[in-house]
Participant: 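Pasting a structure here, questions to come.
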Amino acid sequence: MIDTDMLGVEIPHLRRYARALMREREAADDLVQDTLERAWRKRTLWRPSGRLRSWLFRVLYRLYLDRRPRMQRAHRNLVTLDSVRPAAALEAHSELSLHCLDVFAAIDELPDRQRAILLLMAVEQPDYRTGARMLGLKEGTFRSRLSRAREQLHDRLASDGTMADSPEDAHG
Amino acid sequence: MVESDRPDENYERAVAFYAGRLGPRDQARVRAWAAEEPVRAARARRDAAIERRIAREYEAVLREPIPPRLLVRRRGHRRARLVRSGAAAAVVLAAASSVWWPYVERTVSGADNATGFESPPGLGEPAAADAVPVSEPGAHRASPTPDLSAHGYRLIGREVLRDTPRPLTELTYEKEGGPPVHVYAQDRPPQSTSEPEVSMRDGRPLARWRAHGVNYALVGDLPASSLQALARSAAGTDDQPAPTAQPGRRMPPANALRPVEAPLEMAPPARPPSTQPQGEM
């Protein structure tokens, strides 16, 4: 049986992934709150043999896909504080920051399912099997979508001229 | 590429290698592949760099304080702990009134008695999902609900702990500026009545009485004298009339309760109250 201590341990990880998906603090925390509420209501469905984090991420991913179309409509008219970067930071590392903004802009243009996988791999760094479980996908589907996400991201950045190696890429 | 296509395993392995996720065993294979496929290796390196960049961007979120709205009430936590505690139910199985009290103590003992709220996760009102309405079909008959409003306490929660052989109702009361108190009620025929008695258990006062065939226990982080006064009020044996709600009747809303006229002497809470430093789970 899930208890609140167990859920509490996972909140920072849920928030991080939600922040990557939503790009705004409030929207991300809304998503996490909805995830926790749904997880609590359905807690009897979780089996201790599975990883709780995977189950929670699956719930979060489903909710994200459900609400994403509404968000996209709202985004057309809104610029949130979280998306505005301090000018000083931009000036300090202008080239790198600009490159970074371009990368995130390109990621935002990916289809939701591909974007979710790419971000999951980046922030949680699961192996493919675990990653697939976290999103409720078959491993083959997960890998295939990840591959396509990378492909599309590369194409977008290349077309923007952003794909040139940045200084940190060289450390590979 | 269609969704069923197999992605390039060498390429995946190379990205994992450059992202630092690959074990030492496969690293030699990646180096060999990179020597044969320098263009694709460079691309794998860039993909890994993007992953690292994303990870860095959101790394700080892990250390951010957790917003209060993602924190939950303690009652759900207590019940979950109770569920884990098979020993508690075993004590109740004995069924004699003399062993009911240890059960209550066990239920409310430890660190989870006093402050009412704690940090864990985010179910705005998880206890509501956990609580079993006493009017629910099949639920046991509701024990009469003591009214502590004369002392400024309002009922904020009622939960039937059904994972016990004989349902035990936990009533949680709260008053502004003081720690919450809990009344535990369990039907125990035959009808009889006894005045509240306060005893010390493990250094903590516990008041118990019996009314209408129900055993009651009152616990809270209060001095024994205050607890006794509260128990006498709850049992209706003090000077003031202490109405007792009938089973199935809703308690009046909080704002309909009388204000505190003579506040009880409060003991300092055993722990800092609820709104703990966020993120400490």
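Chain naming here is simple, since letters A, B, ... match the order of the sequence lines and numbering starts at 1 in each.
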Participant: Could you give the distance from CD1 (B:I54) to CG (A:L120), rounded to the nearest 0.5 Å?
Facilitator: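 B:I54 atom CD1 to A:L120 atom CG measures 11.0 Å (nearest 0.5 Å).
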
Participant: Less than 4.0 angstrom from a charged side-chain N to a carboxylate O is my criterion; do B:R43 and A:E151 meet it?
Facilitator: yes

Participant: Where do B:R53 and A:V103 come nearest, in terms of heavy atoms and distance?
Facilitator: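 Shortest heavy-atom contact: NH1-CG2, 3.7 Å.
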
Participant: Side chains of A:D127 and B:R21: does their closest heavy-atom pair fall under 4.5 Å?
Facilitator: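 A side-chain contact under 4.5 Å is absent here.
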
Participant: Of all heavy-atom pairs between A:A122 and B:A55, which one has the smallest distance, and what is that distance?
Facilitator: O-CB, 3.4 Å

Participant: To the nearest 0.5 angstrom, please state how far the CD atom of A:Q33 sits from the CG atom of B:L70.
Facilitator: 5.5 Å

Participant: Can a salt bridge be assigned to the pair A:D30 and B:R69 using a cut-off of 4.0 Å between side-chain N and carboxylate O?
Facilitator: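 A salt bridge links A:D30 with B:R69.
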
Participant: Is there side-chain contact between A:R23 and B:Y58, with at least one heavy-atom pair below 4.5 Å?
Facilitator: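 They are in side-chain contact.
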
Participant: Sort A:L14 into side chain, backbone, both or neither according to what part of it lies under 4.5 angstrom from a heavy atom of chain B.
Facilitator: neither

Participant: For residues A:L157 and B:I50, determine if any side-chain heavy atom of one lies less than 4.5 Å from a side-chain heavy atom of the other.
Facilitator: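 Yes; the side chains approach each other to less than 4.5 Å.
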
Participant: Look at A:R150 together with B:E51 and state whether they make a salt bridge at an N to O cut-off of under 4.0 Å.
Facilitator: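 Salt bridge between A:R150 and B:E51, a charged N being under 4.0 Å from a carboxylate O: yes.
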
Participant: Salt bridge check, B:E9 against A:R143: does any charged N sit closer than 4.0 Å to a carboxylate O?
Facilitator: yes

Participant: Can we say A:R25 and B:E64 salt-bridge, meaning some charged N sits less than 4.0 Å from an Asp/Glu carboxylate O?
Facilitator: yes

Participant: Do you know which of A:E124, A:K138, A:Q125 has the most heavy-atom pairs with chain B at a distance under 4.5 angstrom?
Facilitator: A:Q125

Participant: Please flag which part of A:Y17 lies under 4.5 Å from any non-hydrogen atom of chain B: side chain, backbone, both or neither.
Facilitator: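 Nothing of A:Y17, per the 4.5 Å heavy-atom cut-off to chain B.
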
